[in-house]
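Keep in mind the model is a prediction, meaning the values are calculated, not measured. Numbers for residues simply follow the sequence, beginning at 1.
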Amino acid sequence: MEELENKLKTIQDKLQLLLKQYLLLQKENTRLQKELEVCSQRNQQLQQHIEQLREQIEVLKISSGNWNDQDKKEFEKRINSYLREIDRCISLLSD
């Protein structure tokens, strides 16, 4: 009978230990999720900043007039794309 009690005690101790570990892991998981959210927000901010800087570079290139052929072609493509989008919007509005 005492052997059974010892086994039950051992099982109970192990369960308590597992419960403590589980709670610690839950706390760590919550902390890591918050950290991930903060990092994701920071990443999004940095991506927006990068895009703004790229736009500024493009404006500086346009204003300086020092374009190579590839820059001119890319600019023309972008303008044509904008014009197509405007035409599409006008046609949608007129329907």
Next item on the list: Could you check if a side-chain atom of Val59 sits within less than 4.5 angstrom of a side-chain atom of Glu55, using non-hydrogen atoms only?
Entry: no
Item checked: Common cluster, Tyr82/Ile90, ILVMFWY with side-chain heavy-atom separation under 4.5 Å -> no
Checklist line | Side chain proximity check, Gln21 to Leu18, heavy atoms < 4.5 angstrom | finding: yes
Note to self: Is any side-chain heavy atom of Lys34 closer than 4.5 Å to one of Val38?
What the structure shows: no
Note to self: For the CZ atom of Arg54 and the NE2 atom of His49, what is their distance to the nearest 0.5 Å?
What the structure shows: 12.0 Å
Check: Does the side chain of Gln70 come under 3.5 Å of the side chain of Glu74 through a donor N or O and an acceptor N or O?
Finding: yes
Item checked: Distance, nearest 0.5 Å, that separates CG of Leu36 from CG of Leu32 -> 8.5 Å
Next item on the list: Using a strict 4.0 Å threshold on nitrogen-to-oxygen distance, state whether Arg31 and Glu35 make a salt bridge.
Entry: yes
Note to self: Test side-chain contact (heavy atoms from CB on, under 4.5 Å) on Gln47 and Asn43; report intermediate values, then the result.
What the structure shows: CA-CA 6 Å; Gln47 291 294 331; Asn43 184 33; 3.7 Å; yes
Item checked: Short N-O contact, Lys73 and Asp69, less than 4.0 angstrom -> no
Check: Is a side-chain N or O of Asn80 found less than 3.5 angstrom from the main chain of Glu76, in a donor-acceptor match?
Finding: yes
Checklist line | Lys7 with Glu3: basic N within carboxylate O range, under 4.0 Å | finding: yes
Next item on the list: Mind checking the NZ-CD1 spacing from Lys9 to Ile11? Nearest 0.5 Å is all I need.
Entry: 12.0 Å
Notebook entry, point to check: Atom CG in Leu93, atom CZ in Arg88: separation rounded to 0.5 Å?
Noted result: 10.0 Å
Check: How long is the gap from CD on Glu58 to OG on Ser63, to the nearest 0.5 Å?
Finding: 11.0 Å
Check: In the hydrophobic cluster built from side-chain contacts under 4.5 Å, what are the other members alongside Leu23?
Finding: Leu19, Tyr22
Note to self: How long is the straight-line distance from NZ of Lys20 back to CG of Leu24, given to the nearest 0.5 Å?
What the structure shows: 9.5 Å
